[in-house]
Amino acid sequence: MTKLFTSYDLSGIPLANRVVMAPMTRTRTPENVPSELTALYYAQRASAGLIVTEGLPISHEGRGYLYTPGLYTDEQTEGWRAVTKAVHDKGGKIFAQLWHVGRMSHVSIQPGNIAPVSAGEVPATGTTVYAIGENGQPGPVAPSVPRALTTDEVRRVTRDFVASARRAIDAGFDGIEVMGANAFLFDQFLSSELNARTDCYGGSIENRMRFLLETVDALADAIGGHRVGVRLSPFGRLYDLKPFDGETETWMQVATALDARELAYVHLNYQPTITAAEVPANFGADFRKAYRGTLIGAGGFTQKLAEAELAKGDLDLIAFGSAYIANPDLVERMRNGWPLATADQSTFYGVIGAKGYTDYPVYDPANEALETA
Ligand SMILES: Cc1cc2nc3c(=O)[nH]c(=O)nc-3n(C[C@H](O)[C@H](O)[C@H](O)COP(=O)(O)O)c2cc1C
């Protein structure tokens, strides 16, 4: 019995099915403004029950990668308005993922070329961001040593999120997703290994999650909690994020705190390459007990695994990432048992134009029948 293709009420937003297009940065906008191609790309994928956009920097300071379309200028807002219209015209729903990279940035793309910000001053090592190298050319460079946000600045970042979220609603998005995952700014505050602050945003679990929760609350006040989702990647090890003391306890307290708020959803990213060895066996079920609202799961899902998870009941919606790159009609392909195309990894990022972006065809059973006849 399939559950994946049944409709779902996402806190009042009707979804046609339980398939979510996972957020994916594609670094295809040289001016950091969404283009006609951006609108076409998302509209091609509008049969997903819900699309979550690529991470959209909420401010110049929040940027860590060249060519990522933001949501903090009027021009960007207009660009996104065309995207949401194109998706809505095809019957889809779309949330904007709001992103601040924190220490995952480089002076060359920060305002005034000063240090990027974080909970503290520990740089991410053994990894790169996409910025301007010493040779003056775009490319992968080591993240710069960050500076610690002052207490007042933490609250200013919360206000930056709110301003961006207001733009999102103005641009026609159905809601926003707070990027609380993948080693970016909120993860840098949640980790006791990186956060050695002595103000009310460091120390105890309560203090380390304060920034995330204050931001979620401010967003809910501004646009309504039913339009706010939160993405987390518990036990994530991306971008030099290390294990820390009390990690399970931290994530369970975050789950409980988010449960007390009436939000659109929590989105768990278990990208298997990042987390495999670290996640306690019963964590998914425990998280579900603590967080009783809509839960989206992402990371390594096939159709079969997705159906199994939905049947178990620990997740309500399933997000597919890389499968969406080469299969704009992923829903139709899965529903009909049609084969999936494989994406070309060399065009995941940084290519300007349609190649590997909007040129993946939909599956045509008539053509296929002719070819195989
Ligand atoms: C090209 C690419 C870009 C990604 N960019 C983002 C991003 O901007 N924000 C985010 O939260 N996750 C990002 N992810 C992670 C995906 O949302 C997803 O969690 C991950 O790919 C695992 O799902 P999958 O196994 O179905 O691909 C990205 C993944 C890929 C492949």
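Hydrogens, waters and symmetry mates play no part in the numbers below; they use all other heavy atoms, side chains included. Remember, it's 1-based here, ligands and their atoms both numbered in the order they're listed.
Atoms of ligand 1 lying under 4.0 Å from at least one heavy atom of F348, given by number and element, are 1 (C), 31 (C). Heavy-atom contacts of A22 reach the following atoms of ligand 1: 17 (O) (cutoff under 4.0 Å). Residue contact check: M179 has heavy atoms under 4.0 Å from atoms 9 (N), 10 (C), 11 (O) of ligand 1. Taking every non-hydrogen atom of F320 and a distance limit under 4.0 Å, the qualifying atoms of ligand 1 come out as 26 (O). For ligand 1 and T25, the ligand atoms under 4.0 Å from any heavy atom of the residue are 1 (C), 3 (C), 4 (C), 5 (N), 6 (C), 7 (C), 8 (O). Near N182, meaning under 4.0 Å from one of its heavy atoms, ligand 1 places the atoms 10 (C), 11 (O), 12 (N). Set against the non-hydrogen atoms of Q97, the atoms of ligand 1 under 4.0 Å away are 7 (C), 8 (O), 9 (N), 10 (C), 11 (O). Proximity to G299 (heavy-atom distance under 4.0 Å) selects the following atoms of ligand 1: 22 (C), 23 (O), 25 (O).
Evaluated for a side-chain hydrogen bond (donor to acceptor under 3.5 Å, both in side chains) with Y265, the options H226, R231, E177 yield exactly one hit, E177.
No continuous path of ILVMFWY side-chain contacts below 4.5 Å connects Y8 to V228, so the two sit in separate hydrophobic clusters.
No side-chain donor from either of T158 and E214 sits under 3.5 Å from a side-chain acceptor of the other.
In summary, D316 and R288 engage in a salt bridge, as defined by a charged side-chain N under 4.0 Å from a carboxylate O. Using a 4.0 Å cut-off between charged side-chain N and carboxylate O, E54 and R28 make no salt bridge. A salt bridge links E78 and R81; the closest N-O separation between the charged side-chain nitrogens and carboxylate oxygens is under 4.0 Å.
Close N/O approach between A323 and ligand 1 is not found [any backbone or side-chain N/O within under 3.5 Å]. Residue S322 has at least one N or O atom closer than 3.5 Å to an N or O atom of ligand 1.
Evaluated by nearest non-hydrogen atom to atom 17 (O) of ligand 1, the leading choice among G300, P23, G321 is P23.
Residue-level proximity to ligand 1 for N269 is carried by the side chain, the only part with a heavy atom below 4.0 angstrom.
Using cut-offs of 30° and 60° on the angle between ring planes, the pair F186 and F211 is tilted. In this pair, F173 and W80 present their aromatic rings tilted. The plane angle is within the 30 to 60° band.
The distance between the ring centers of F235 and Y270 does not fall below 6.0 angstrom.
The closest approach between any non-hydrogen atom of Y349 and ligand 1 is below 4.0 Å.
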